[in-house]
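In what follows, a single structure is set out as structure tokens and then discussed.
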Amino acid sequence: LLDDATGEISSANDIAILNQIRVKYLGKKGVITLMMKKLKELPKEERPKFGAVVNEVRNKLEELLSEKLEELKQKEKVERYEKIRVDVSLPGAKRDKGHLHILTKIQRELEDIFISMGFEVVEGPEVEDTWHNFDALNTPEWHPARDTQDSFYFDENTLLRTHTSPIQIRTMLEKKPPLAIISPGRVFRRDYDSTHLPMFTQMEGLYVDKDVTVRHLKYTLEEMARKIFGESAKVRLKPSYFPFTEPSYEVDVWFNGSWLEILGAGMVDPNVFKNVGYDPEEWSGFAFGLGLERIAMVKYGIRDIRDFVRNDVRFLENY
Ligand code: PHE
């Protein structure tokens, strides 16, 4: 009996099993308890001897059980600590990290390209007066672009700029030529569909020096196109009209197998030079204007311009 019990106790591997063993031998109906009860049935002279043996066995079992209980308690404690142990050498939990908006990236990319060609970045106010936004740019009162339907006016003489060209006027009024600037910024027009936003982002360039020709303009735009769209990008100029340039061009870029119209450009109109006090006989220059959203749409095949302002991370994450 003692051997059986000893074997059972030593193979018990948790406290619940050990308790079952205790009940089996020492409980109210346990083996040992029953033996003690049998004592009465024995002949008188055998009782002391039998009683002593059963007692000894019971003491031994109690000893074994409490030793084992200690051992198991210790084991459970170790296991519990093992479970909550912190491995300080593990890498931390990965967090979602934000990044620059696609338009900010395109803007910086273009700024770097033009800076590398010697242009300077200049900014200006979003709320403009009609003189800087239109008159100085040779856009007379009767011009359709001045229509209240197309622009956001605060009053007769104040509006949200419709392009970043007024920055060129402000710069020329402040500085003497020669100069080379680009002016990025938000512009505002009453337009809204899959290719137009009432607020979009432009970058305009202005270069003023002696003997500037269309050839300089075309080279500058080719250089930009190659850096943005890859070495195989080509540029072509088509005749167009802007009040502030003469001649004026619409500019196409050859990209992914087709000609895509991406910007407007031209040679600065002599009237614009007169308006800022430059002598058109002495100075000449080119100007161009591009939409950052348009560039990004062409480069990445984005079809809806409204995606830029929806702030849907599923869109933003792609760029
Ligand atoms: N300012 C023109 C626009 O917003 C773009 C442009 C700039 C065209 C410079 C020619 C020269 O449409």
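Whatever order the structure lists ligands and atoms in, that order sets their numbers, starting from 1. Only heavy atoms go into these numbers, but all of them, side chains included; no hydrogens, no water, no symmetry mates.
Remark: minimum distance from atom 9 (C) of ligand 1 to any protein heavy atom is reached at F288 C, 3.5 Å. Protein heavy atom in closest approach to atom 1 (N) of ligand 1: E204 OE2, 2.8 Å.
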Evaluate the criterion ring-ring contact (aromatic ring centres under 6.0 Å, His included) for residue pair F188 and F152; output intermediate values, then yes/no. CA-CA 7 Å; F188 308 84; F152 295 102; 7.0 Å; no

Is there a salt bridge (Lys or Arg N to Asp or Glu O under 4.0 Å) between R170 and E174? Walk through the geometry before answering. CA-CA 6 Å; R170 288 175 181 278; E174 260 173 42; over 6 Å; no

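Assignment of Q168 to the shell around ligand 1 is not supported, since no heavy atom sits closer than 4.0 Å. Every heavy atom of Y249 sits 4.0 Å or more from the atoms of ligand 1.
Of all the atoms in ligand 1, the ones that sit under 4.0 Å from a non-hydrogen atom of G264 are 8 (C), 10 (C). Remark: ligand 1 atoms within the under-4.0 Å shell around heavy atoms of A287 are 9 (C), 11 (C). Listed by number with element, the atoms of ligand 1 under 4.0 angstrom from any heavy atom of Q202 are 3 (C), 4 (O).
In this structure, F286 and F119 have tilted ring planes: the angle between them lies in the 30° to 60° band. Between F244 and H163, the angle of the ring planes goes over 60°, which puts this pair in the perpendicular group of the 30/60° scheme.
Under 4.0 angstrom from ligand 1, there are no non-hydrogen atoms of S248. If you look at R189 next to ligand 1, the close heavy atoms, those under 4.0 Å, all belong to the side chain.
Checking only distances, S165 does come within under 3.5 Å of ligand 1, N or O to N or O.
For the residue pair T195/D193, the side-chain donor-acceptor check at 3.5 Å is satisfied.
Ion pairing between R306 and D312 fails under the 4.0 Å rule for side-chain N and carboxylate O. One finds a salt bridge joining E223 and K227 here, because a Lys/Arg side-chain nitrogen approaches an Asp/Glu carboxylate oxygen to under 4.0 Å.
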